[in-house]
Asks: 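Dropping a structure here in structure tokens format, bear with me for questions.
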There are 2 protein chains.
Amino acid sequence: MLIAIDCIIFGFDGAVLKLLLFKRKIRPEKGRWSLLGGFVKQDEDLESGAGRILYNLTGLTNVFVEQIMTAGKVGRDPVERTISVVYFALINILDQGQEALNAHNAQWINLDDKPNLIFDHDEMVSKALEWLRYKAALHPLGFELLPERFTIPQLQNLYEAIYSMRLDRRNFNRKIHSTNLLIDTGEKDPLSNTKKATLYRLDKDRYNNKFDSFWHFMPHPGNEKG
Amino acid sequence: MLIAIDCIIFGFDGAVLKLLLFKRKIRPEKGRWSLLGGFVKQDEDLESGAGRILYNLTGLTNVFVEQIMTAGKVGRDPVERTISVVYFALINILDQGQEALNAHNAQWINLDDKPNLIFDHDEMVSKALEWLRYKAALHPLGFELLPERFTIPQLQNLYEAIYSMRLDRRNFNRKIHSTNLLIDTGEKDPLSNTKKATLYRLDKDRYNNKFDSFWHFMPHPGNEKG
DNA sequence: GCAAAAGTGTTGGCGTTACACCCATGA
DNA sequence: TCATGGGTGTAACGCCAACACTTTTGC
């Protein structure tokens, strides 16, 4: 029995949610799209393995990584019985260059345009998206996908992408500010042709301390009864 | 590398939350307390493995089981590198007899009196409890721990045990009823010396359909800001 | 000055907490 | 009839969704 790690890597370019996928260079299923993965080494922890795999592809460390499930169906890998521990990672697309990606046949792909993946990787992506939605509704997870300095409209775009819904600008603003997790950098986003949005950065200490508190980032309009 | 399954089995006797543990009959760590576990068979899915292990110990099928994590630290099992997929199960204590337990050296132990367990099993229990609290705050999970017919005070006791806090009887009542998940059996709980509580049963269909909705079973009093 | 996007204020509805009151039962 | 616990009602508060208005910028 083999133990593998597969990584679901979410990224955000400011407009749509993306997935980092790569085209297999080896058999089986050569040429098809797949999650990034690898086998667990004899002397490494699972987390380390996930970190290693991410580092090799993106060159990034200090990435938000979380274990979300372990897939172990008997026939999931047609070649040999393989148990796969699935991690999901949130990274800021801009942080990481194109070269490493090319070297690995990797590519950012819009979540909406996702091709079918090998094995049970589609299921894994579904689970991960479900998980992301679940968690981001209650915890200030979104910041992980943004650059160090970001605007509130950017954050709102992100949440809208995650949930495929439009949010009210004003309520969203107040909700985010009420977390007291933002620090005004005093600067403005130079882009955009209209009123420039304020650039904020995350209050890391508060973020770490309060990450597990229950916020309510998504609106919950009239609960239907019955 | 070996693949194991460990099961954290929660039970509720009407007053306190319990854990089903057993005393190891084999080396290593013979005689110490441990979670119930076993190795994954070559031809069985992970879920099936968890089900098999649970069935062998409790004789129960149709148990609420959920995968919560996979532990894979290098030295966690001192004998051989072992990856353990952890499941947690919620069962109604009364459903299951004493014989099977004795045969396996197993015993229900109050969560508060939990002895130290072998390997990293203590961590697993912490994670499971955290998970239980997280989930039970938002989803109608508690019913799994109660007999088929139960009273609202029983359910309240359960929630109080899970969160180690007292809840307001009246608000709890309304909250539970507002879920529309309860069916009045028309009967009363014969026990108790005072006014007999109404016995309800779960509306299974609604329960399955709405399990993933976000309720708020726990009170959330004045959010401290700052 | 106009359009477009960022940011601030206000209000009304509704869910929820906190609390008072009645009911049923056995001793 | 009293104590104990189950069950219902209600009112004030606070949060939040919905909406109007002001500000800034580039053309």
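The sequence lines fix the lettering, A, B, ..., with proteins before strands; numbering per chain opens at 1. Since we're looking at a predicted model, the values are computed, not measured.
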Asks: Between atom CG in A:D168 and atom P in C:dT8, what is the gap in whole Å?
Replies: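 Taking atom P of C:dT8 as the reference, CG of A:D168 is at 14 Å.
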Asks: Over how many whole Å does the gap from B:F217 atom CZ to C:dT17 atom C1' extend?
Replies: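 It is 17 Å, rounded to the nearest whole Å.
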Asks: Show the distances under 3.5 angstrom between N or O atoms of the protein and N or O atoms of nucleotides 22-24 of chain C.
Replies:
none

Asks: Under 4.0 Å from any atom of DNA chain C, heavy atoms only: list the residues of residues 144-159 of chain A that qualify, in numerical order.
Replies: A:P153
Asks: For B:D45, what residues pass the salt bridge (Lys or Arg N to Asp or Glu O under 4.0 Å) criterion, not counting sequence neighbours?
Replies: none
Asks: With sequence neighbours excluded, tell me which residues meet side chain to side chain contact (heavy atoms under 4.5 Å, CB included) with A:Q98.
Replies: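 For A:Q98 the side chain to side chain contact (heavy atoms under 4.5 Å, CB included) partners, ignoring immediate neighbours, are A:L101, A:N102.
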Asks: Quick one: closest heavy-atom pair of B:W33 and B:N105, and the distance?
Replies: CZ3-O, 4.5 Å
Asks: Rounded to the nearest Å, what distance is computed from the NZ atom of residue B:K175 to the P atom of nucleotide C:dC14?
Replies: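 Going from B:K175 (NZ) to C:dC14 (P), I get 19 Å.
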Asks: So which pairs with a foot in residues 121-130 of chain A pass side-chain hydrogen bond (donor to acceptor under 3.5 Å, both in side chains), sequence neighbours left out?
Replies: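 For residues 121-130 of chain A: A:K114-A:D122.
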Asks: Tell me which donor-acceptor pairs under 3.5 Å the side chains of residues 6-20 of chain A have, and how far apart each pair is, sequence neighbours excluded?
Replies:
residue	atom	partner	partner atom	Å
A:D6	OD2	A:S84	OG	2.6
A:D13	OD1	A:A15	N	2.8
A:D13	OD1	A:V16	N	2.9
A:K18	NZ	A:N110	OD1	3.1

Asks: Between C1' on C:dG7 and CG on A:L182, what's the gap in Å once rounded to a whole number?
Replies: 14 Å
Asks: Find the distance B:L167:CG to C:dA18:P and express it as a whole number of Å.
Replies: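 So the two atoms are 11 Å apart, to the nearest Å.
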Asks: Rounded to the Å, how far apart are A:R166 CZ and D:dA18 P?
Replies: 14 Å
Asks: Among residues at least two apart in sequence or on other chains, which ones pass side-chain hydrogen bond (donor to acceptor under 3.5 Å, both in side chains) with A:E187?
Replies: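 If we apply the side-chain hydrogen bond (donor to acceptor under 3.5 Å, both in side chains) test to A:E187, skipping adjacent residues, the hits are A:R149.
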Asks: Taking side-chain hydrogen bond (donor to acceptor under 3.5 Å, both in side chains) as the definition, give me every residue that meets it alongside B:D120, ordered by chain and number, with sequence neighbours left out.
Replies: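 Counting only residues at least two positions away or on another chain, B:D120 forms a side-chain hydrogen bond (donor to acceptor under 3.5 Å, both in side chains) with B:R76.
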Asks: Can you list the residues that meet the side chain to side chain contact (heavy atoms under 4.5 Å, CB included) rule with B:F64, with sequence neighbours excluded?
Replies: B:E66, B:F88, B:L90, B:L141, B:E144, B:F211
Asks: For the NZ atom on A:K135, are there more than 12 heavy atoms of other groups (residues, nucleotides or ligands in this structure) within a distance under 6.0 Å?
Replies: yes
Asks: Report the distance from atom NZ of B:K188 to atom P of C:dT25, rounded to the nearest whole Å.
Replies: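 Nearest whole value for this atom pair: 8 Å.
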Asks: Nearest whole angstrom, please: distance from the P of C:dA6 to the CZ of A:F172.
Replies: 12 Å
Asks: Dump every N/O contact between nucleotides 8-10 of chain D and the protein below 3.5 Å, one line per pair.
Replies:
residue	atom	partner	partner atom	Å
D:dT10	O4	B:R174	NH2	3.3

Asks: Can you name the side-chain hydrogen bond (donor to acceptor under 3.5 Å, both in side chains) partners of A:E160, sequence neighbours left out?
Replies: A:Q156
Asks: Considering residues at least two apart in sequence or located in another chain, which fulfil the side-chain hydrogen bond (donor to acceptor under 3.5 Å, both in side chains) criterion with A:D205?
Replies: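 A:D205: no side-chain hydrogen bond (donor to acceptor under 3.5 Å, both in side chains) contacts found.
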